[in-house]
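Numbering of ligands and ligand atoms starts at 1, following listing order. Owing to the predicted nature of the structure, the values given are computational and were not obtained by experimental measurement.
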Amino acid sequence: MKREIVESAYEAARERYASLGVDVRAAMERLRGISLSMPCWQADDVSGFENPDGELSGGIQATGNYPGRARNIGELRSDIEKALSLVPGHHRLGLHAIYGDFGGRRVERDEVGPEHFESWIEWAERNSLKLDFNSTSFSHPKSGWLSLANPDDGIRNFWIEHTVRCRAIAEEMGRRQGSPCAMNLWIHDGSKDSTVNRMRYRELLRDSLDRIYAKEYGNVADCIEAKLFGLGAESYTVGSYDFYLAYCVSRGKTVTLDTGHFHPTESIADKISSLLLFMPEVMLHISRPVRWDSDHVPTMNDDTLEIARELVRCGALERVHIALDYFDASINRVGAYVVGMRTVQKCLMQALLEPVEQLRRYEQEGAWFERLALLEECKSLPWSAVWDMFCMLNDVPVGEDYINEVQRYEREVTSKR
Ligand code: RNT
Ligand code: ZN
């Protein structure tokens, strides 16, 4: 993209926004301070390094067989580095426990420790990246339909031990990087058909969680992710939203809102202000559920835009961890990273450029036509000129220029796998 074109469009946009009382420079600065947590599992279809050719279980599914999937830790890191080089700003990487550096050995889930993530911690530091973490209860012979809620003590204790160890790993990451590591807990526990034991499994899950969280850590942000349903777990989910909401409020933990885990017409954006009045933080998993929890690449749709606006309007940017959660195996995976990350940033850019003071004045005066009119006008204000300038200032390709870069990497690297 030609520099002069970006600059002249930006100048015009700056004036236009100034007339509405919006400072575009301040918006760019704020956007630069927002780190998104990128999911390591988009690069390899949630395979991990325990058994990369094993089947993905737990009611989630990566569909597609686009060539070039990362097959080992080196390829995964290389793809992530490439993707991040095309995204402005400094970000985080969400790791799952199955992505440890196991050195070709079989390390059981109840044996994982910080030592298996040492090379990740060092790599992240070299790349100015911070890490977040997730325990992995799926894709394992002991996963079954119940893990932390399993009445069989042997199985339940196995998963408790796994998750306890994951928190210790997260603590080490958080301590070393000088920024709390968000440790997300999602389990697939549930059943395909109606259960007659709803209470029993939830009681077991509550007990498992209390044991998992018994130890206090200073560098971990404990987050728990609910879900409405999963494939093969359509009738009952032990860790439902109500269950975890009550658990988190009573135990001082953080709720994770995955945008694919609710009834399709439910607004996730609307939940943020309610949660933040009763818990210190919120964790987001931004995804694009197409008709179900499909985990498509996020796009600039109304749902994502509304979440971004709420974050800004609620003054919640410091209290919300923004992670992305998707895995599309049907398109270029590095390209999928770049589209998803830049999309969320574009939504945030628009939210940061909203003339919220004027909108609130209108609302205060009861001028509701005026509020609606300005909200509509905001949609076509020249936010993209500010976004382009933001990319240019941050030394990443402007606009669609990154497509060529992704194609080049595919030609030179991923297509040869
Ligand atoms: C599954 C949850 C969970 C996973 C990742 C891989 O429905 O959204 O967050 O996507 O842990
Ligand atoms: Zn999720």
Side-chain angles (χ1 to χ4, degrees), residues 36-50 52 54-63 69-70 76 80 92-100 109 131-140 143 145 147-148 159 162-163 166 169-170 181-190 221-234 236-241 244 254-264 266 268 271 282-298 303-304 307 320-329 333 336-337 340 344:
L36 306 178
S37 190
M38 196 167 95
C40 79
W41 48 92
Q42 161 60 39
D44 75 337
D45 316 338
V46 210
S47 304
F49 309 132
E50 252 181 9
E55 210 172 287
L56 179 59
S57 79
I60 52 177
Q61 205 165 49
T63 49
R69 168 170 92 80
L76 193 95
I80 287 166
R92 307 176 70 94
L93 180 73
L95 282 172
H96 242 281
I98 48 173
Y99 288 80
R109 301 255 175 114
L131 299 173
D132 291 318
F133 202 56
N134 298 259
S135 49
T136 319
S137 66
F138 50 83
S139 306
H140 186 277
S143 295
W145 61 287
S147 61
L148 289 176
W159 291 114
H162 169 69
T163 320
C166 284
I169 295 168
C181 172
M183 155 71 203
N184 190 56
L185 190 160
W186 168 73
I187 56 166
H188 57 277
D189 295 35
D222 289 307
C223 309
I224 318 183
E225 180 177 4
K227 189 163 177 170
L228 183 63
F229 81 103
L231 291 176
E234 290 86 354
Y236 170 69
T237 303
V238 188
S240 64
Y241 184 56
Y244 286 138
T254 295
V255 160
T256 297
L257 298 172
D258 183 306
T259 55
H261 289 193
F262 294 85
H263 287 283
E266 219 170 323
I268 311 316
K271 298 179 189 299
V282 165
M283 166 72 144
L284 292 173
H285 267 191
I286 298 186
S287 184
R288 177 165 49 111
V290 178
R291 303 193 188 280
W292 65 290
D293 181 35
S294 61
D295 292 293
H296 279 66
V297 182
D303 297 340
T304 316
I307 288 174
V320 176
H321 303 267
I322 311 175
L324 281 64
D325 179 12
Y326 58 100
F327 34 97
D328 187 338
R333 294 172 184 79
Y337 268 138
V344 175

Structural part of His188 in contact with ligand 1, heavy atom criterion under 4.0 angstrom: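 Answer for His188: neither.
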Find out whether [X] and [Y] are in side-chain contact, i.e. whether some heavy atom of one side chain is under 4.5 Å from a heavy atom of the other.
| X | Y | answer |
| --- | --- | --- |
| Ser135 | Met183 | yes |
| Leu95 | Ile169 | no |
| Asp132 | His321 | no |
| Met283 | Glu225 | no |

Modelled atom types, side-chain donor and acceptor of Ser287 and Asp325, under 3.5 Å: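 No pair is found: no donor N or O on one side chain lies under 3.5 Å from an acceptor on the other.
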Modelled atom types, side-chain donor and acceptor of His285 and Thr256, under 3.5 Å: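 The answer is no; no qualifying pair exists.
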Geometry only, no angles: is [X] polar-contacting ligand 1 at N/O separations under 3.5 Å?
| X | result |
| --- | --- |
| Lys227 | yes |
| Trp186 | no |
| Asn134 | no |

I'd like to check which ligand 1 atoms, numbered from 1 as shown, lie under 4.0 Å from a non-hydrogen atom of [X].
| X | answer |
| --- | --- |
| His285 | 9 (O) |
| Asp258 | 8 (O) |
| Ile60 | 1 (C), 7 (O) |
| Asp293 | 7 (O) |
| Phe327 | 10 (O) |
| His261 | 1 (C), 2 (C), 7 (O), 8 (O) |
| His96 | 5 (C), 6 (C), 11 (O) |

Between [X] (side chain only) and [Y] (backbone N and O only), is there a donor and an acceptor less than 3.5 Å apart?
| X | Y | answer |
| --- | --- | --- |
| Tyr244 | Thr254 | no |
| Tyr236 | Asp189 | no |
| Ser294 | Arg288 | yes |

Minimum-distance protein heavy atom relative to atom 10 (O) of ligand 1: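 Going atom by atom, the protein heavy atom closest to atom 10 (O) of ligand 1 ends up being Asp325 OD2, 2.7 Å.
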Heavy-atom nearest neighbour in the protein, as seen from atom 9 (O) of ligand 1, with distance rounded to 0.1 Å: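 Going atom by atom, the protein heavy atom closest to atom 9 (O) of ligand 1 ends up being Glu225 OE1, 2.8 Å.
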Validation row, ring centre Tyr241 to ring centre His263 under 6.0 Å: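 Centroid separation for Tyr241 and His263: 6.0 Å or greater.
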Test applied, ring-ring contact (aromatic ring centres under 6.0 Å, His included); reference residue, His96; option that passes from Phe133, Phe49, Phe138: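 Only match with His96 under ring-ring contact (aromatic ring centres under 6.0 Å, His included): Phe138.
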Sphere of radius 2.8 Å around the Zn ion (ligand 2) - protein N, O or S atoms inside: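 Protein N, O or S atoms closer than 2.8 Å to the Zn ion (ligand 2): Glu225 OE2, Asp258 OD2, His285 ND1, Asp325 OD2.
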Mutual orientation of the aromatic rings belonging to Trp186 and His261 [parallel < 30°, tilted 30-60°, perpendicular > 60°]: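 It falls in the tilted class, 30° to 60°.
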